[in-house]
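Remember, it's 1-based here, ligands and their atoms both numbered in the order they're listed. Residue numbers count from 1 along this sequence.
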Amino acid sequence: MSKYPHVVIVGAGFGGLGVAEQLAHVPVHVTLIDRHNYHTFQPLLYQVATSLLNAEDVGASVRSMFRHQENVNFRLGTVTGIDLSGREIQLDDGDKVTFDYLVLAGGATVNYFGTPGAAEHTFPLYTLMNAVKLRNQVMQRFEAADRDPAAIDDGALTFVVVGAGPTGVETAGALSDLFYNLLPRDYHQLATEKARIIIVEMGKEVLAAFKENLREYARNELEERKVEVRLGEAVAEVGPSSVKLKSGEEIKAHTIVWAAGVQVSPLAKMLGMPQGRGGRVKLNPDLSVPEHPEIFVVGDMGEVSSDGLVLPQLASVAMQSGEHVGRQISRRIAVEETQPFKYWDKGFMATIGRGSAVVEFPNKRTLHGPVAYFAWLGVHLALLSGMRNRIETLWNWGWSALTHDRAARIIIEGEEDVPVLSSGAKSVSTQ
Ligand SMILES: Cc1cc2nc3c(=O)[nH]c(=O)nc-3n(C[C@H](O)[C@H](O)[C@H](O)COP(=O)(O)OP(=O)(O)OC[C@H]3O[C@@H](n4cnc5c(N)ncnc54)[C@H](O)[C@@H]3O)c2cc1C
C-alpha cells in the first residue's frame with residue numbers, strides 16, 4: 001500500500017488525462033480507470049467514420065501515455081457504483097477501489113431526447129466503435145446499391161444527419177467529399193451521383209454557436225457540396241429505413257446519423273449530487289462537489305463555470321478543468337486554500353469539408369475558408385496524443401490532399417455479424 005494519498009480518476013478523456021498529467025510531481029498515488037485501454041480523440045471521430053483516418057490514428061494507449069509517469073497506474077474497468085461515505089468505487093468485475101480524492105471525468109454520451117426509434121435505428125458518434133460501425137454502414141450501403149440499384153430508391157444511398165452543430169456539419173461535409181470525389185472512381189457501374197446527404201436541424205441555423213457570417217458561410221459551403229440543408233425541421237420518429245419529420249414528411253433513408261444532442265455519462269447519477277442542464281453535475285467554483293471537498297468533477301460531466309458563466313462541453317474546457325483540479329489536489333495536500341477555476345478562452349472552430357472551415361476567436365474576430373482550414377488542421381494535429389498518431393494522421397491527410405484517396409475504406413466486422421445489412425437495410429440479393 002502506498003504511503004501517499006490515493007487519487008482515483010475515472011475517465012481517460014481530455015479531462016482525466018489533464019488531472020493525471022498535472023499530478024506528475026505531486027506526492028500522490030494515482031489510479032486512472034477507464035472502460036477502454038485507450039484515449040479517444042473525439043473531434044476526429046467523423047474522419048474515421050468517413051474513411052479518412054484509421055481507428056488507431058485517433059485512439060492512444062493510456063498505458064503508453066503514462067509510461068514515464070510512475071505515480072500513475074492504469075486500471076481497465078467500468079465503474080458501476082460510488083460509495084461516498086465509504087470513499088470507495090465499485091467496478092463491473094466486482095472489485096472495489098478506495099480513494100482519498102476522487103475525480104470523475106466520464107464525459108458525455110448521446111441524447112436521443114426520447115425520439116421513438118432513434119436508439120434502435122440511428123448511428124451516434126461518441127466512441128471509436130460508433131465511428132467504425134458508421135464507416136461499415138456507409139460502405140455496406142454503397143455495396144448494396146451496387147448489387148441492386150433499385151435499392152437506391154428505397155433509401156440505400158440517402159444519408160440523413162440529424163443536428164447541424166459542429167459534429168453534424170463536419171460529418172455531412174466529409175460524407176460529401178467521400179461520395180462525390182472518391183467513390184465515383186471506385187464504383188464503375190453505380191450512379192453515385194444519386195447519393196443524397198440531408199442535414200436536418202430543428203433550429204433556424206447551422207453552427208448556431210458561431211457568428212452570423214460564419215453560419216451563412218457554412219450553410220453555403222454545405223449546399224455547394226450537394227448537402228441538402230433542412231432547417232426548422234425536427235425528427236418525430238425513426239424507422240428501420242426511414243425518418244419521419246414533425247412536419248409529417250417521411251424520408252426514405254437507410255442511414256441516419258444522430259448528431260443532435262448530448263447527456264452526461266451515467267456516472268453523474270451514481271454520484272447522487274444535484275445535476276443541471278443535460279445532467280451536468282453542479283459544482284463549487286474550485287470544481288469540487290458540494291459538501292465533498294475530496295471529490296471533483298471535470299470536463300463534459302460537470303457544470304464547469306468560469307467568472308460565473310457555465311462553459312460549453314469542449315475539449316479545451318475538459319483539458320483546462322482537469323489541469324485545474326490536478327493543481328487543487330496538490331494545494332489540498334499542501335494544506336492550502338483551493339482556487340476557483342478560470343478558463344482561458346482560445347476560441348472555437350469547425351470544418352465544413354476539404355479546404356473549408358470556420359474559426360471564431362475570443363475577441364469575436366472570425367476567419368473562414370482555406371486559411372481557417374489549415375488553422376484547423378494544425379490545431380487538431382497538435383492536440384492529438386502521441387507522435388505516432390500525429391505522423392499517421394498527417395500522412396493520411398497529405399495522401400488524401402494529393403490524391404483525393406482515403407485510407408480506410410474497408411468493412412471490418414466479425415464473421416458472426418453476417419448478414420451485413422443493419423439499420424434498416426432491405427434484404428438484397430447477392431446475385
Ligand atoms: C463527435 C465529436 C466531435 C467533437 N468535436 C470537438 C471539437 O472539434 N472541438 C472541441 O473542443 N470539442 C469537440 N468535442 C467535444 C469534446 O470531445 C469533449 O468536450 C471532450 O471529449 C470532453 O472530455 P471529457 O474528458 O469530459 O470526456 P471524454 O473525452 O468523453 O472522456 C470520458 C472517458 O470516460 C470513460 N468512461 C465513461 N464512463 C465510464 C465508466 N462508467 N467507467 C469507466 N470509464 C468511463 C470513457 O470511456 C472516456 O474515455 C467533440 C465531441 C464529439 C462526440
Peer 1: Ignoring hydrogens and angles, tell me if any N or O in the side chain of Glu336 forms a donor-acceptor pair with the backbone of Arg331 under 3.5 Å.
Peer 2: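 No; zero donor-acceptor contacts below 3.5 Å.
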Peer 1: Under 4.0 Å from a heavy atom of Gly77: which atoms of ligand 1 are those, numbered in the order shown and with their elements?
Peer 2: 42 (N), 43 (C)
Peer 1: At less than 4.0 angstrom from any non-hydrogen atom of Thr167, what atoms of ligand 1 do you find?
Peer 2: 1 (C), 2 (C), 3 (C)
Peer 1: State whether the shortest distance between N or O atoms of Asp34 and N or O atoms of ligand 1 falls below 3.5 angstrom.
Peer 2: yes
Peer 1: Considering heavy atoms of the protein only, find what lies nearest to atom 20 (C) of ligand 1 and give residue, atom and distance to 0.1 Å.
Peer 2: Phe14 CD1, 3.6 Å
Peer 1: Between Ile33 and ligand 1, does any nitrogen or oxygen pair lie at a separation below 3.5 Å?
Peer 2: no
Peer 1: What pairs with Thr366 under side-chain hydrogen bond (donor to acceptor under 3.5 Å, both in side chains), at least two apart in sequence or on another chain?
Peer 2: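 Asn213.
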Peer 1: List the closest protein heavy-atom neighbour of atom 27 (O) of ligand 1: residue, atom name, distance to the nearest 0.1 Å.
Peer 2: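 Result for atom 27 (O) of ligand 1: Gly107 CA, 3.2 Å.
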Peer 1: Glu221 and Ser356: which non-hydrogen atoms are nearest, and at how many Å?
Peer 2: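 Between these two residues, the closest heavy atoms are OE1-OG, 3.1 Å.
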Peer 1: Atom 11 (O) of ligand 1: which of Gly16, Gly81, Ala315 has the nearest heavy atom?
Peer 2: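 Among Gly16, Gly81, Ala315, the closest heavy atom to atom 11 (O) of ligand 1 belongs to Ala315.
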Peer 1: Answer with yes or no whether the side chains of Thr31 and His6 bring together a donor and an acceptor at under 3.5 Å.
Peer 2: yes
Peer 1: Please report which non-hydrogen protein atom sits nearest to atom 19 (O) of ligand 1, along with the residue it belongs to and the distance in Å to one decimal place.
Peer 2: Asp300 OD1, 2.8 Å
Peer 1: Where the side chain of Arg135 meets the backbone of Ala49, is there a donor-acceptor pair that is under 3.5 Å apart?
Peer 2: no
Peer 1: Answer with yes or no whether Tyr126 contacts ligand 1, where contact means a heavy atom under 4.0 Å from a ligand atom.
Peer 2: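 So Tyr126 counts as touching ligand 1.
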Peer 1: So which protein heavy atom does atom 38 (N) of ligand 1 come closest to, and at what separation?
Peer 2: Ser265 OG, 3.6 Å
Peer 1: Determine whether the side chain, the backbone, both or neither of Pro43 has a heavy atom under 4.0 Å from any heavy atom of ligand 1.
Peer 2: both
Peer 1: side-chain hydrogen bond (donor to acceptor under 3.5 Å, both in side chains) with Tyr343: which of Ser321, Ser305, Ser316?
Peer 2: Ser316
Peer 1: Partners of Tyr126 by ring pair (Phe, Tyr, Trp, His ring centres under 6.0 Å), sequence neighbours excluded?
Peer 2: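 None.
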Peer 1: Under a plain distance cut-off of 3.5 Å, with no hydrogens placed, do Asn130 and Thr127 share a side-chain donor-acceptor pair?
Peer 2: yes
Peer 1: Using heavy-atom distances only, which candidate in Met301, Gln313, Met319, Gln42 approaches atom 21 (O) of ligand 1 most closely?
Peer 2: Gln42
Peer 1: When you measure from the heavy atoms of Pro166 to every atom of ligand 1, does any distance fall below 4.0 Å?
Peer 2: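 Outside the 4.0 Å threshold, so no.
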Peer 1: Name the closest protein heavy atom to atom 25 (O) of ligand 1, giving the residue it belongs to and the distance to 0.1 Å.
Peer 2: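 Looking only at protein heavy atoms, the one closest to atom 25 (O) of ligand 1 is Gly15 N, 2.8 Å.
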Peer 1: Looking only at non-hydrogen atoms, find the nearest pair between Leu23 and Asn71 and report the distance.
Peer 2: O-ND2, 2.9 Å
Peer 1: Starting from atom 44 (N) of ligand 1, which protein heavy atom do you reach first, and at what distance in Å?
Peer 2: Arg35 N, 3.2 Å
Peer 1: When you check the gap from the basic side-chain N to the acidic O, do Arg332 and Asp286 get nearer than 4.0 Å?
Peer 2: yes
Peer 1: Would you name the heavy atoms of Gly165 and Glu201 that are closest together and state the gap between them?
Peer 2: N-OE1, 4.3 Å
Peer 1: For the residue pair Lys342 and Gln320, what are the closest heavy atoms and their distance?
Peer 2: O-OE1, 4.2 Å
Peer 1: Does the Arg390 side chain pair with the main chain of Leu381, one donor and one acceptor, at a distance under 3.5 Å?
Peer 2: yes
Peer 1: State the atoms of ligand 1, each with its element, that fall below the 4.0 Å cut-off from a heavy-atom position in Gly299.
Peer 2: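 Once the distances to Gly299 are compared, the set is 26 (O).
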Peer 1: Under 3.5 Å, N or O to N or O, is Val10 touching ligand 1 that way?
Peer 2: no
Peer 1: I'd like to check which ligand 1 atoms, numbered from 1 as shown, lie under 4.0 Å from a non-hydrogen atom of His380.
Peer 2: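 So the answer, numbered in order with elements, is 8 (O).
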Peer 1: Does Thr40 come within less than 4.0 Å of ligand 1, judged by its heavy atoms?
Peer 2: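 Checking ligand 1 against Thr40, which is what was asked, there is no heavy-atom contact under 4.0 Å.
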Peer 1: Just which atoms of ligand 1 are under 4.0 Å from any heavy atom in Leu125?
Peer 2: 1 (C), 53 (C)
Peer 1: Measuring from atom OG of Ser400 to atom CZ of Arg406, what distance do you get when rounded to the nearest 0.5 angstrom?
Peer 2: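 Those atoms lie 5.5 Å apart.
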Peer 1: If you measure every N/O of Tyr38 against every N/O of ligand 1, is any gap under 3.5 Å?
Peer 2: no
Peer 1: Under 4.0 Å from a heavy atom of Gly13: which atoms of ligand 1 are those, numbered in the order shown and with their elements?
Peer 2: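 Atoms satisfying the 4.0 Å criterion: 25 (O), 28 (P), 29 (O), 31 (O), 33 (C).
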Peer 1: Quick test: of every protein heavy atom, which one is nearest to atom 41 (N) of ligand 1, and how far off is it to 0.1 Å?
Peer 2: Val79 O, 3.2 Å
Peer 1: Among all the protein's non-hydrogen atoms, which is closest to atom 23 (O) of ligand 1, and how far away is it?
Peer 2: Ala318 CB, 3.3 Å
Peer 1: Let me see the working for Asn284 and Ser288 under side chain to side chain donor-acceptor pair (under 3.5 Å), right down to the final yes or no.
Peer 2: CA-CA 5 Å; Asn284 294 322; Ser288 65; 3.0 Å; yes
Peer 1: For Leu314, take its heavy atoms, then give the atoms of ligand 1 lying under 4.0 Å from any of them.
Peer 2: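 Checking each atom against Leu314, I get 10 (C), 11 (O), 12 (N), 19 (O).
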Peer 1: Within the 4.0 Å heavy-atom shell around Gly11, which atoms of ligand 1 are there?
Peer 2: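 So the atoms of ligand 1 that pass are 33 (C), 34 (O), 35 (C).
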